[in-house]
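Working notes for the structure below.
Both counts, for ligands and for their atoms, begin at 1 and track the order of listing. In this chain, residues are counted from 1 in sequence order.
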Amino acid sequence: MADKKTKQRVEYLRSELHRHNYRYYILDDPEISDAEYDRLIGELIMLENEYPEFSSPTSPTVRVGSPPLDKFETIAHTIPMLSLDNAFSEGEILNFEARIKRNLKIEGQILYTAEPKIDGIAVELIYEDGKLVTAATRGDGFYGEVITENVRTIRSVPLVLTGENNPEIPLYLEVRGEVFISKKAFEKLNRKQEQKGIPAFANPRNAAAGSLRQLDSGITAQRPLEIFFYGLGKIDTMVPETHGQILSMLKNMGFRINRNIRAGIDMVQVLDYYRQLYEKRHELEYEIDGIVVKVDNLKLQRQLGFTSKSPRWAIACKFKATQETTRILDIQVQVGRTGTLTPVAYLEPVTIAGARVSRATLHNEDEIKRKDIRIGDMVFVERAGDVIPKVTKVIKSLRTGDEKVFQMPQSCPVCKSQVVREENEAATRCINAACPAQLKENIRHFASTHAFDIDGLGQKLVEQLVDKNLVSSFEDLFNLQQQALEKLDRMGPKSAKNLLDAISESKKISFSKFLYALGIRHVGTHVAKLLANHYGTIENLVHTTVHELISIDGIGPMVAKSVHHFINAEENKNTVERLLESGVKILYDDSIHASGSSDLNGKTFVLTGTLKNMTRNEAKACIENAGGKVTGSVSSNTDYIVAGDKPGSKFEKGKKAGITIIDEETFEKMIGKQI
Ligand code: IVH
């Protein structure tokens with residue numbers, strides 16, 4: 001039996017260790033040496049082992065992890081965790097301020113807080129009575145995964161709120177922040193992974209995400225995760241007047257706040273800060289992909305409010321892309337889900353902004369000709385945020401004469417059937433609907449997270465299933481047999497059974513996910529949700545008209561035509577029927593938020609000039625697919641003008657009206673053009 005003295009000693013050690021954590025991580029001003037800290041925590045671990053009745057979820061010893069979980073629970077965020085609108089240049093940051101002033105009808109100065117935009121994973125932590133009780137990922141913004149045990153292992157997360165200036169600790173508090181891995185710790189972690197023969201992580205962000213989503217918090221505990229806090233969710237005490245004061249308040253409670261934050265600065269200082277951080281970003285210990293600018297005054301923030309996906313009072317100002325030079329080793333052609341042939345450059349691997357890059361899209365034939373890209377060329381490769389890398393320029397002065405000119409194939413590299421290039425279209429397509437490459441891509445899409453979400457059905461497996469003729473249509477997936485699966489490469493009885501279980505589990509599916517899974521051209525997750533919400537059932541949808549489709553807010557003529565065409569094609573009707581016969585059950589309680597998650601959602605675009613990498617129609621479809629609208633002329637409702645080559649009068653008109661004008665590159669970033 002433990003005596004009173006032991007209990008007192010345990011409590012003393014805990015409060016001392018919390019205090020030293022705070023001094024070390026929050027104030028950056030340790031009082032004791034690391035060795036002394038280790039001695040104290042060692043004594044506490046020993047006492048807790050000996051007297052389990054003293055164990056506590058907020059003890060500093062929980063940093064070593066808890067028993068593994070079977071799966072993550074989900075939790076609804078009390079206040080949605082929205083994302084941020086993006087700006088890619090100083091001009092766009094100025095437009096942000098102009099919009100705010102227009103909105104608030106203010107002409108005078110507005111003050112902001114400017115913060116580094118940490119490239120990590122957003123989390124929300126809930127404290128009750130000053131104790132950490134729950135931590136969750138951002139998830140889809142409305143629902144997150146509960147990762148409390150994992151977050152407890154992060155040393156810069158306070159388990160108990162103390163602080164030094166005796167701040168008032170709320171009974172209920174939600175705080176938000178970004179979990180990340182520093183650049184140095186990332187290198188070290190990857191060296192360890194390689195020594196163990198495990199694949200290295202592509203970048204610190206992936207490493208942080210992977211570490212945070214471990215079912216075994218013992219593994220998370222061994223990963224060098226850190227956190228910076230940047231905001232509040234719900235709180236049951238009075239909030240201060242400015243965002244800057246919120247950050248000070250959080251710091252006083254014991255939360256780690258980034259020291260490069262500037263509060264209460266005007267727009268001139270914001271732009272200066274943007275430039276300074278751009279220059280300084282390589283010196284920082286962690287990766288940032290821009291800055292976040294927030295209106296400082298909380299009353300003004302409330303007045304500005306939110307759009308369906310982001311606050312009007314904040315903006316993420318991304319940095320310009322980072323470039324490196326490397327050599328093109330080969331150019332190969334990939335066949336996509338809709339039969340589009342995309343030339344892809346295979347590169348001598350190079351690290352750009354923390355990620356290893358070995359491939360880059362070359363978009364299409366015209367683009368290769370325009371840039372005169374040849375196999376063997378030294379080129380500039382650019383990577384910006386999460387966009388697929390691309391070749392921006394050939395260094396012609398380094399040519400040796402051995403470079404080879406690339407020819408677009410006349411037949412599909414996969415099924416050998418004829419390829420066509422429609423007039424007015426940049427893309428070359430394989431028109432064989434039964435092309436195995438298209439089938440594979442379609443099956444992959446069908447099984448992907450936002451569709452049937454079949455766990456374990458990755459690219460390699462899909463390839464085998466199609467190549468071995470086990471799958472030649474979607475419904476074949478639901479008729480796979482254990483025996484046939486066991487014979488595949490890297491498959492055994494157990495993995496075959498797991499796959500069959502996953503397939504069987506996937507049969508119950510929401511209407512919007514079902515629609516998305518079908519792979520209808522121009523129907524992404526957002527449009528699928530709009531359709532599901534509008535029609536409610538598949539029967540209603542199949543009887544619709546183009547006219548009705550267009551009447552849906554957020555669906556334009558291009559998308560409407562594509563949907564109508566798809567649902568009226570006999571083979572697609574049969575596919576749906578056969579899926580239902582195979583046991584697929586559509587769940588029609590699809591009240592998922594139709595707001596979508598795209599930056600373009602609800603925005604109005606005007607296109608002017610000639611685009612290099614896509615036709616107007618393609619650009620239009622991309623915008624509509626993401627929930628945006630395209631109009632023919634500039635008005636006060638226009639949010640963006642996309643200016644291609646030789647833009648016309650719309651450009652001038654937009655410029656005068658102060659509308660955000662973006663070039664094709666920026667537009668591609670917005671639509672997240674991918675290979
Ligand atoms: S504020 C409602 N501040 O950026 C807006 N976000 O693109 C809440 N991020 O999901 C976000 N550093 O994961 C904010 N200083 C910072 C940030 C930051 C990184 C991330 C966060 C968010 C994403 C938005």
Test applied, ring-ring contact (aromatic ring centres under 6.0 Å, His included); reference residue, F255; option that passes from Y25, F229, Y230
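Among the candidates, only F229 passes.
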Proximity of K294 to ligand 1 by residue part, where a heavy atom lies under 4.0 Å
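For K294, the contact with ligand 1 is made by the side chain alone.
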Proximity of P116 to ligand 1 by residue part, where a heavy atom lies under 4.0 Å
backbone
Check whether any side-chain N or O of Q214 sits under 3.5 Å from a backbone N or O of G210 as a donor-acceptor pair, and report yes or no.
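Yes; at least one donor-acceptor contact below 3.5 Å.
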In the protein, which heavy atom is nearest to [atom], and how far is it?
atom	answer
atom 5 (C) of ligand 1	L84 CD2, 3.4 Å
atom 19 (C) of ligand 1	I118 O, 3.2 Å
atom 15 (N) of ligand 1	E115 OE1, 2.7 Å
atom 18 (C) of ligand 1	Y230 CE2, 3.5 Å

With sequence neighbours left out, write down each residue that passes side chain to side chain donor-acceptor pair (under 3.5 Å) with Y286, or none if nothing qualifies.
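Listed in chain order: N258, N260.
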Within 45° of the six-membered ring axis of Y640 and under 6.0 Å from that ring's centre, is NZ or CZ of K603 located there?
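The answer is no, since K603 fails at least one limit relative to Y640.
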Check whether any N or O atom of [X], backbone or side chain, sits under 3.5 Å from an N or O atom of ligand 1, and answer yes or no.
X	answer
K117	yes
V292	no
S83	no

Can you name the atoms of ligand 1, numbered from 1 with element, that are less than 4.0 Å from a heavy atom of A122?
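Every atom of ligand 1 under 4.0 Å from some heavy atom of A122: 10 (O), 13 (O).
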Any atoms of ligand 1 less than 4.0 Å from a non-hydrogen atom of E178? List them with their elements.
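Those of ligand 1 that fall under 4.0 Å from E178 are 9 (N), 13 (O), 19 (C), 20 (C), 21 (C).
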Output all residues satisfying ring pair (Phe, Tyr, Trp, His ring centres under 6.0 Å) with Y516, sequence neighbours left out; order by chain, then residue number.
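Here the qualifying residues are H445.
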Any non-hydrogen atom of P311 lying under 4.0 Å from ligand 1?
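Yes, that is the case, since the closest heavy atom of the residue is under 4.0 Å from the ligand.
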Salt bridge E115-K294, side-chain N to carboxylate O under 4.0 Å
yes
Under 4.0 Å between a side-chain nitrogen and a carboxylate oxygen: does that hold for K184 and E187?
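Salt bridge between K184 and E187, a charged N being under 4.0 Å from a carboxylate O: no.
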N95 and T660: side-chain donor and acceptor closer than 3.5 Å?
yes
